[in-house]
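So you know, we letter chains A, B, ... as the sequences are listed, proteins then strands, and number each from 1. Every value quoted in this text rests on a predicted model; they were computed, and no experiment measured them.
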Amino acid sequence: MPELPEVEVVRRGLAEHVTGKTITAVRVHHPRAVRRHEAGPADLTARLLDTTITGTGRRGKYLWLTLGDQSALVVHLGMSGQMLLGEVPNANHLRIAALLEDGTTLSFVDQRTFGGWMLADLVTVDGTDVPAPVAHIARDPLDPLFDRDGVITVLRRKHSEIKRQLLDQTVVSGIGNIYADESLWRAKINGARLASGVSKAKLAELLDAAAAVMTDALGQGGTSFDSLYVNVNGESGYFDRSLDAYGREGEPCRRCGAIMRRDKFMNRSSFYCPRCQPRPRV
DNA sequence: AGTTACTCCTGCGGGC
DNA sequence: TGCCCGCAGGAGTAAC
């Protein structure tokens, strides 16, 4: 599941390999992959043709290629999206292919089709240029301009569970289910607690933990990475071994030894230590 | 207005 | 063996 570290790994790969190159052909193999491009597949391919990629950007889990005319190709990997250069190992999940001037192919592969491409204009939000569809997304914890105290103020007003807020990309971006559980474990907070009931100091700890765990994951290349190949479904992801909470149901807590538990929450799994992260009284 | 539930999608694994 | 169900989950949208 690509969250901030995995998306950043992809962005860096793209920055290195496609910046400065011109797109010479585009083919949309599956219309769903461009469903968020309002003007449709034909418009997207026509507008990408003969444009030059001038740079890359990312906020949270959104990434984009700037095209030099105040527009950008916005990419969201969704659950299983991959941006691949060169050979595509599983062509039946190929959704979009773009040919670059040097003969290489940039492919968007996406098994579950939650991700996609769209073209959008850049807009200035809070002093930073982002594509219009990303304007509502909050800064992520690795953004140099991330306002931790500002987020804490927002969280203190939320009458909603803290994990739900961690996953709300308009509050703080880049965090998905895995890194939410990891952050909560590091800060010793149960995700079912009300955000408004968590002290400012604890919220600061939590946001610092989120930044730290995602930095750690990024240092290990995300979950699994080889050049531009990101294996989103890979079992043996590099960072998997470093996970302290996610997927560890029934195993001993690495901090106190208590048996880790799993609860259903927001229709997804939450892994936590019942001793370090006691559930709130109902 | 703030918060929550629903929906999209595919492949895999468990149970019968 | 084969079928069905549940699960994985990011994020927009509908509904409370």
With A:Arg254 as the cation and A:Trp185 as the aromatic partner, state whether NZ or CZ is under 6.0 Å from the six-membered ring centre and within 45° of the axis.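 No cation-pi geometry.
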
Measuring to OP1 and OP2 of [N], would you say a side-chain N or O of [X] lies under 4.0 angstrom away?
{"X": "A:Arg262", "N": "C:dA8", "answer": "yes"}
{"X": "A:Arg164", "N": "B:dT4", "answer": "yes"}
{"X": "A:Lys264", "N": "C:dA8", "answer": "yes"}
{"X": "A:Ser269", "N": "C:dC7", "answer": "no"}

Ignoring hydrogens and geometry beyond distance, is a side-chain donor-acceptor pair present between A:Asp263 and A:Tyr272 at under 3.5 Å?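 Yes, side-chain donor-acceptor contact under 3.5 Å.
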
Verify whether one side chain among A:Asp121 and A:Ser71 offers a donor that lies under 3.5 Å from an acceptor in the other.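 No - no donor-acceptor pair under 3.5 Å links their side chains.
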
How many whole angstroms separate atom [atom1] of [X] from atom [atom2] of [N]?
{"X": "A:Arg112", "N": "B:dT7", "atom1": "CZ", "atom2": "P", "value": "19 Å"}
{"X": "A:Leu155", "N": "B:dT3", "atom1": "CG", "atom2": "C1'", "value": "14 Å"}
{"X": "A:Phe265", "N": "C:dG9", "atom1": "CZ", "atom2": "P", "value": "14 Å"}
{"X": "A:Glu6", "N": "C:dG9", "atom1": "CD", "atom2": "C1'", "value": "14 Å"}
{"X": "A:Leu194", "N": "B:dT3", "atom1": "CG", "atom2": "C1'", "value": "12 Å"}
{"X": "A:Arg157", "N": "B:dA1", "atom1": "CZ", "atom2": "P", "value": "15 Å"}
{"X": "A:Glu249", "N": "C:dC7", "atom1": "CD", "atom2": "C1'", "value": "13 Å"}

Over all strands shown, is A:Gln165 touching base, sugar-phosphate only, or nothing at heavy-atom distances under 4.0 angstrom?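 Here A:Gln165 touches no strand at all.
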
Nearest-nucleotide 5' precedence on DNA chain B, A:His93 against A:Met266: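 Comparing both residues, the 5'-ward one is A:Met266.
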
Both A:His159 and A:His30 contact DNA chain B. Taking the nearest nucleotide for each, which residue is further toward the 5' end?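 Closest to the 5' end, via its nearest nucleotide, is A:His159.
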
Would you mind checking if A:Asp140 and A:Arg58 are paired as a salt bridge, meaning a charged N to carboxylate O distance below 4.0 Å?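 A salt bridge is present here (some side-chain N lies under 4.0 Å from a carboxylate O).
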
Assign the ring pair A:Trp117 / A:Phe108 to parallel, tilted or perpendicular, where the plane angle (0 to 90°) is split at 30° and 60°.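 Aromatic pair A:Trp117/A:Phe108 classed tilted.
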
Is any side-chain heavy atom of A:Leu184 closer than 4.5 Å to a side-chain heavy atom of A:Gln277?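 When only atoms from C-beta onward are counted, A:Gln277 and A:Leu184 do touch, with a gap below 4.5 Å.
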
For each nucleotide in nucleotides 10-16 of chain C, reading 5' to 3', give B when a protein heavy atom comes within less than 4.0 Å of its base, S when such contact involves only the sugar-phosphate, and - otherwise. BSS----

Return each pair, listed once, that meets ring-ring contact (aromatic ring centres under 6.0 Å, His included) where at least one residue sits in residues 35-76 of chain A; pairs must be two or more places apart or across chains.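 Listed once each, the pairs are A:Tyr62-A:His76.
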
